[in-house]
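The structure under discussion appears below in the form of structure tokens.
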Amino acid sequence: MKYEFIKNHECLFPIETMCVVLEVGSSGYFKWKSKPISSRLLLKEKIIYQISSIYFASKQRYRSARITFELNVLGYKISRITVAKYMKELGLRSTLSKKFKVTTNSTQIFGGGKCVEQEFYAEQCIPNLGI
């Protein structure tokens, strides 16, 4: 982590000064910087890219089990626990869509049907008051 900090701030501060402040050897930093990326780390980056592409293609609904199945179909041999760990690192969580719930019964008539069908008649006529 200290080496990452030094690498990210090389253009702002001298490397030797940052190594002294962070209490790391400059030779260790240069050895770390020249070391090639491991095949395991490259595979992890590929899997993380595939996880995020499957996750967003599924409208953020797939959980780790479904993504694991998709990765196994694509040829990656990976466990559900590892996929869940990578998803947690990326901050990906599935959002479940709410099921459609019917709240009204279309066959039931709520008292309003009787009033519509009624006919009203005035028993006696009220004369026009001219107002």
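Predicted model, so just to flag it, every value in this text is computed and none were measured.
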For the atom pair OG (Ser58) and CD1 (Ile67), what is the distance rounded to the nearest 0.5 Å? 6.0 Å
Should Lys44 and Glu89 count as side-chain neighbours, where that means a heavy-atom distance under 4.5 Å? yes
Any donor-acceptor N/O pair, Thr95 side chain to Gln60 backbone, under 3.5 Å: yes
Other residues, nucleotides, ligands: >12 heavy atoms within 6.0 Å of Phe69 CZ: no
So, are Lys33 and Glu4 salt-bridged, with charged N and O less than 4.0 Å apart? no
Validation row: Leu22, Tyr3 side chains within 4.5 angstrom (heavy atoms): no
Go through the side-chain N and O atoms of Tyr55 and Gln50 and say whether any donor and acceptor fall under 3.5 Å apart. no
Between CE on residue Met18 and NZ on residue Lys2, distance to nearest 0.5 Å: 13.5 Å
Leu90 reachable from Met87 in the ILVMFWY side-chain graph, under 4.5 Å edges: yes
If you define the side chain from C-beta out and look only at heavy atoms, does anything of Ile78 sit under 4.5 Å from Tyr86? yes
Straight-line distance of Ile51 CD1 to Thr82 OG1, nearest 0.5 Å: 9.0 Å
Could you check whether any side-chain heavy atom of Cys19 comes within less than 4.5 Å of a side-chain heavy atom of Ile6, counting everything from C-beta outward? yes
Side-chain heavy-atom pair Ile54, Leu74 within 4.5 angstrom cut-off: yes
Could you give the distance from OG (Ser79) to CG (Leu71), rounded to the nearest 0.5 Å? 10.5 Å
Verify same cluster id: Phe5, Tyr29 (apolar side-chain graph, 4.5 Å): yes
With a 6.0 Å cut-off (strictly less than), is the heavy-atom count around CG of Leu12, excluding the residue itself, greater than 12? yes
Residue pair Ser94 / Arg63: nearest heavy atoms and the distance that separates them: OG-CG, 3.0 Å
Would Leu42 end up clustered with Trp32 when hydrophobic side chains under 4.5 Å apart are linked, directly or stepwise? no
Applying a strict under-4.5 Å side-chain criterion to I, L, V, M, F, W and Y, I'd like to know whether Phe30 and Val20 cluster together. no
